[in-house]
Amino acid sequence: MYEVKLDAFNGPLDLLLHLIQQFEIDIYDIPMKALTEQYMQYVHAMKQLEINVASEYLVMASELLMIKSKLLLPDHNADDVIEEDPREELVGKLIEYQNYKAYADMLNDNREARSHYYTKTPSDLSKYELTERMPEGTHIDLTELIVAYQKMKQRIALKKPKSVEIKKETFTIQQSTERIYHQLDTRQSITFFDLFTFNESLEHVVTYFLALLEMAKTGTIQMQQVEAFHNIEITKGVNYGTQS
């Protein structure tokens with residue numbers, strides 16, 4: 001005779017939970033006849049294989065048979081007396097064991113996740129500690145430290161070499177003036193926004209604006225704005241065409 005662990009079950013409660021889940025049994029309304037039969041079939045199968053069944057499995061078998069027999073007995077109590085359900089204690093044990101099992105799985109997952117981390121033991125860093133101490137009564141003002149820090153930043157900034165990049169002018173006032181003429185030649189008036197596709201660089205925008213100021217100064221165009229922040233309307237001036 002030899003002993004083995006029953007499949008993957010850790011005791012009779014584990015086996016009962018497996019049967020309840022396998023046959024989709026409501027744990028709060030257990031059909032004792034079906035559950036007892038399935039449990040006994042498992043125990044008998046172990047005996048036929050000459051496997052030594054632990055005593056706790058046999059004790060649970062007797063409890064199941066007792067609960068089943070109590071449910072089969074007729075109810076002789078008065079109508080106003082509520083008899084306790086003989087399955088109540090078993091249901092309580094199963095729910096409690098089910099919770100313990102869930103917590104155990106959660107702790108095992110945490111243990112598995114923690115195993116991927118390495119913890120280093122503390123090191124003695126006392127030899128790196130400064131032995132010198134500030135004289136007693138020495139007071140350090142936080143404001144003075146901040147001022148000293150800002151001065152140091154300014155000195156570092158002043159010592160950094162300055163570099164200036166000079167680029168050749170790529171879009172001239174003459175070019176922008178010609179484009180304004182081109183649009184006014186075919187239209188009675190244009191707006192300031194008509195001059196742009198909104199993909200231009202800041203250089204183009206400034207150059208157009210300078211060209212408009214110069215053309216307005218010479219009377220080549222007229223500009224007016226009905227209200228603040230409205231679009232600027234551009235029309236031909238008295239000297240339009242004479243400067244082209």
Side-chain angles (χ1 to χ4, degrees), residues 105-244:
D105 291 340
M106 181 181 66
L107 291 174
N108 186 58
D109 291 341
N110 291 339
R111 180 192 63 79
E112 180 66 22
R114 187 65 182 84
S115 65
H116 296 287
Y117 294 88
Y118 174 75
T119 303
K120 181 181 179 297
T121 56
S123 302
D124 183 14
L125 303 178
S126 58
K127 62 180 180 180
Y128 299 106
E129 294 180 357
L130 296 176
T131 56
E132 298 181 1
R133 294 186 178 181
M134 296 291 294
E136 295 183 2
T138 302
H139 176 71
I140 300 177
D141 191 356
L142 180 60
T143 304
E144 294 178 358
L145 288 176
I146 295 175
V147 172
Y149 172 73
Q150 294 296 337
K151 289 182 178 179
M152 182 58 67
K153 284 182 61 178
Q154 292 175 2
R155 289 182 181 180
I156 294 174
L158 290 173
K159 289 185 177 181
K160 286 184 177 180
K162 303 295 182 180
S163 60
V164 179
E165 184 179 0
I166 301 176
K167 294 183 179 180
K168 182 180 179 182
E169 188 177 22
T170 57
F171 187 66
T172 64
I173 294 178
Q174 182 180 356
Q175 289 175 317
S176 59
T177 302
E178 291 175 355
R179 294 187 181 183
I180 295 171
Y181 267 117
H182 178 70
Q183 292 208 32
L184 284 175
D185 283 342
T186 57
R187 300 166 62 181
Q188 292 295 327
S189 64
I190 60 174
T191 64
F192 183 70
F193 290 151
D194 290 337
L195 300 174
F196 305 100
T197 61
F198 299 98
N199 292 320
E200 291 83 3
S201 63
L202 180 60
E203 176 192 355
H204 280 60
V205 177
V206 173
T207 305
Y208 265 119
F209 190 71
L210 293 175
L212 288 172
L213 291 178
E214 182 65 26
M215 294 177 72
K217 179 181 177 182
T218 59
T220 306
I221 61 171
Q222 290 183 345
M223 294 188 295
Q224 63 177 357
Q225 189 178 37
V226 180
E227 295 181 11
F229 306 109
H230 275 219
N231 202 350
I232 300 173
E233 185 179 4
I234 304 169
T235 57
K236 300 176 182 179
V238 293
N239 293 328
Y240 182 81
T242 62
Q243 305 292 329
S244 59

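Excluded from the calculations below are hydrogen atoms, water molecules and symmetry mates; all remaining heavy atoms, backbone and side chain alike, are included.
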Exercise for the section: Would you give the length of the straight line joining atom CD1 of Ile180 to atom CG of Asp185, rounded to the nearest 0.5 angstrom? Expected result: 12.0 Å
Exercise for the section: Kindly check if the number of other-residue, nucleotide or ligand heavy atoms within 6.0 Å of CD (Gln188) is above 12? Expected result: no
Exercise for the section: Side-chain contact test, heavy atoms from C-beta onward, threshold under 4.5 Å: evaluate it for Arg111 versus Leu107 and give yes or no. Expected result: no
Exercise for the section: Locate the shortest heavy-atom distance separating Thr207 from Glu203; write the atom from each residue and the value. Expected result: OG1-O, 2.7 Å
Exercise for the section: Working to the nearest 0.5 Å, report the span between CG of Leu210 and CD1 of Ile173. Expected result: 5.0 Å
Exercise for the section: Drop me the distance from Glu178's CD to Gln174's CD, to the nearest 0.5 angstrom. Expected result: 5.0 Å
Practice task
With rounding to the nearest 0.5 Å, note down the distance linking CD1 in Ile190 to NE2 in His182.
Solution key: 10.5 Å
Exercise for the section: Indicate the ring-plane relationship of Phe171 and Tyr208, choosing parallel, tilted or perpendicular according to the 30° and 60° boundaries. Expected result: tilted
Practice task
Work out which heavy atom in Asn231 is nearest to a heavy atom in Gln225; give both atom names and the distance.
Solution key: O-CG, 4.1 Å
Problem - By salt bridge (charged side-chain N to carboxylate O under 4.0 Å, His left out) - contacts of Asp194 (at least two apart) - result: Arg187
Handout entry: Side-chain donor/acceptor of Gln224 to backbone N/O of Glu233, under 3.5 Å
Key = no
Problem - Trace of the side chain to side chain contact (heavy atoms under 4.5 Å, CB included) decision for Thr218 with Asn239 - result: CA-CA 7 Å; Thr218 59; Asn239 293 328; 5.5 Å; no
Problem - Exercise: identify the closest heavy-atom pair between Thr177 and Met215 - result: CG2-SD, 3.7 Å
Exercise for the section: Mind checking the CD1-OG1 spacing from Ile234 to Thr191? Nearest 0.5 Å is all I need. Expected result: 7.0 Å
Handout entry: Closest non-hydrogen atom pair, Ser126 against Asp124
Key = OG-OD1, 2.8 Å
Exercise for the section: Can you sort out the partners of Phe209 under ring pair (Phe, Tyr, Trp, His ring centres under 6.0 Å), two or more places apart, ordered by chain and number? Expected result: none
Problem - Atom CE of Met106 with >12 non-hydrogen neighbours under 6.0 angstrom - result: yes
Fill in the blank from the handout: Residues Leu195 and Glu200: closest non-hydrogen pair is O-OE2, 4.3 Å
Practice task
Could you tell me which residues satisfy side-chain hydrogen bond (donor to acceptor under 3.5 Å, both in side chains) with Ser201, sequence neighbours excluded, listed by chain and number?
Solution key: His204
Handout entry: Any donor-acceptor N/O pair, Tyr240 side chain to Tyr181 backbone, under 3.5 Å
Key = yes
